[in-house]
Amino acid sequence: MMKTDEKLIIKGKRIDGRKPEDVRKMKMEVGVIPNAEGSALVSFGKTTALASVYGPRPLHPRHLQESDTGLLRYKYDMATFSVDERKRPGPSRREIEISKVSREALEPALFLKKFPRTVVDVFVEILQADGSTRVTAINAASLALADAGVPMRDLVVGLSGGMLDGKIVIDLMGKEDNYCDADIPIAYLPSKKEITLLQMDGRLTPEETKKIVRDVLHASKKVYEKQVEALKKKYSE
Ligand code: CDP
């Protein structure tokens, strides 16, 4: 983690005016890409992710098909223009890793065994990056899967937390991510009370780690409510 002389928490407020436990302003909308089976546009502050879902559809080449289950494929991609310093096009190691852990974060929510020999493709494009992109992407993907009508146990909710200037903060923005002591992205499946993604960058005591996880799960209720609201909005119009 980098060091800075700049104070990132002043009089209990973060640089964008939030309290430590506040989530940034969220925007969520489903059904934004007509050609996809399901889609969603999700932003947390300036971080914006667009997800589209295709399938379940027959998997080709056929030798990759599984006779007893369908497969999930997940592609996380950062647009070249999403960050200050142009991101090289094509998958980086970072994007390959994020794609893998995000797929594993969503799989427990899906009934893929109902669709043998098929694949469900999830493509997530980060249009603008300002911290916590992988969890923003997971929220968008989860909504797009629901919008596509893929049978699910529940929505998967994503949110990050961390330690900044000795304080626990929720939903880190880019600058906080750069200079925090530690950050923990989490994905959670509420109906099973199951954490499906948990990563950590930085150093924390076991007690601090537990407290951050608890606080993130608590704040994730607001994210879940916003997801449900976005889905209801489409189907009430
Ligand atoms: O985005 P997330 O927190 O899930 O993953 P990260 O690898 O910890 O990246 C943290 C932040 O660094 C991103 O959200 C971006 O704001 C920024 N970043 C960047 O500016 N350029 C990159 N090539 C990758 C990340």
Side-chain angles (χ1 to χ4, degrees), residues 1-4 6 8 14-16 18 20-28 40-51 74-106 122-144 156-165 167-188 195-204 208-209 212-213 215-217 219-220 223 227:
M1 295 283 168
M2 290 187 278
K3 287 266 168 231
T4 175
E6 193 186 333
L8 293 178
R14 296 156 73 177
I15 44 177
D16 60 356
R18 275 186 292 162
E21 67 275 19
D22 287 347
V23 176
R24 285 174 288 184
K25 185 175 163 47
M26 293 179 274
K27 285 190 199 153
M28 300 193 189
L41 186 63
V42 170
S43 44
F44 280 62
K46 286 195 268 183
T47 293
T48 301
L50 175 65
Y74 188 105
K75 186 161 183 281
Y76 164 103
D77 182 69
M78 238 176 170
T80 54
F81 50 82
S82 67
V83 279
D84 291 340
E85 197 173 316
R86 180 178 181 273
K87 193 225 141 234
R88 277 185 63 174
S92 61
R93 279 187 58 165
R94 173 180 174 275
E95 287 164 300
I96 292 166
E97 182 239 350
I98 292 178
S99 297
K100 175 187 181 285
V101 297
S102 305
R103 171 175 57 74
E104 290 169 349
L106 289 164
V122 179
F123 299 99
V124 190
E125 195 67 24
I126 302 301
L127 300 177
Q128 193 165 262
D130 186 23
S132 306
T133 61
R134 77 192 66 199
V135 286
T136 306
I138 287 170
N139 289 318
S142 170
L143 276 178
V156 174
V157 44
L159 189 62
S160 67
M163 189 67 83
L164 185 67
D165 288 348
K167 283 220 160 55
I168 293 179
V169 291
I170 301 298
D171 181 24
L172 286 87
M173 55 191 288
K175 202 162 187 181
E176 294 176 333
D177 184 290
N178 285 343
Y179 298 115
C180 67
D181 308 319
D183 73 284
I184 305 184
I186 292 176
Y188 184 62
I195 292 174
T196 61
L197 175 142
L198 191 146
Q199 297 181 290
M200 184 167 105
D201 194 1
R203 293 176 73 168
L204 293 170
E208 288 169 335
T209 310
I212 294 174
V213 172
D215 287 3
V216 169
L217 294 186
S220 76
V223 182
Q227 286 179 310

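One-based numbering, in listed order, for ligands and for the atoms of each. As the structure is a computational prediction, the values presented were derived from the model and not from experiment. Residues take their numbers from the sequence shown, with the count starting at 1.
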Looking at Glu97 and Arg93, does any basic side-chain N land under 4.0 Å from a carboxylate oxygen? no
Taking NZ in Lys167 as the centre, count heavy atoms belonging to other residues, nucleotides or ligands within less than 6.0 Å. Is the count above 12? no
Which parts of the protein, at residue level, reach under 4.0 Å of ligand 1 through a heavy atom? Met78, Val83, Arg94, Ala129, Asp130, Gly131, Ser132, Thr133, Arg134, Asp177
Lys/Arg N to Asp/Glu carboxylate O, Glu6 vs Lys175, below 4.0 Å: yes
Taking the basic N atoms (NZ, or NE/NH1/NH2) and the acidic carboxylate oxygens, is any pair closer than 4.0 Å for Arg203 and Glu208? no
Are Asp16 and Arg18 within salt-bridge range, i.e. N to O under 4.0 Å? yes
Between Arg94 and Tyr76, does any side-chain donor sit less than 3.5 Å from a side-chain acceptor? yes
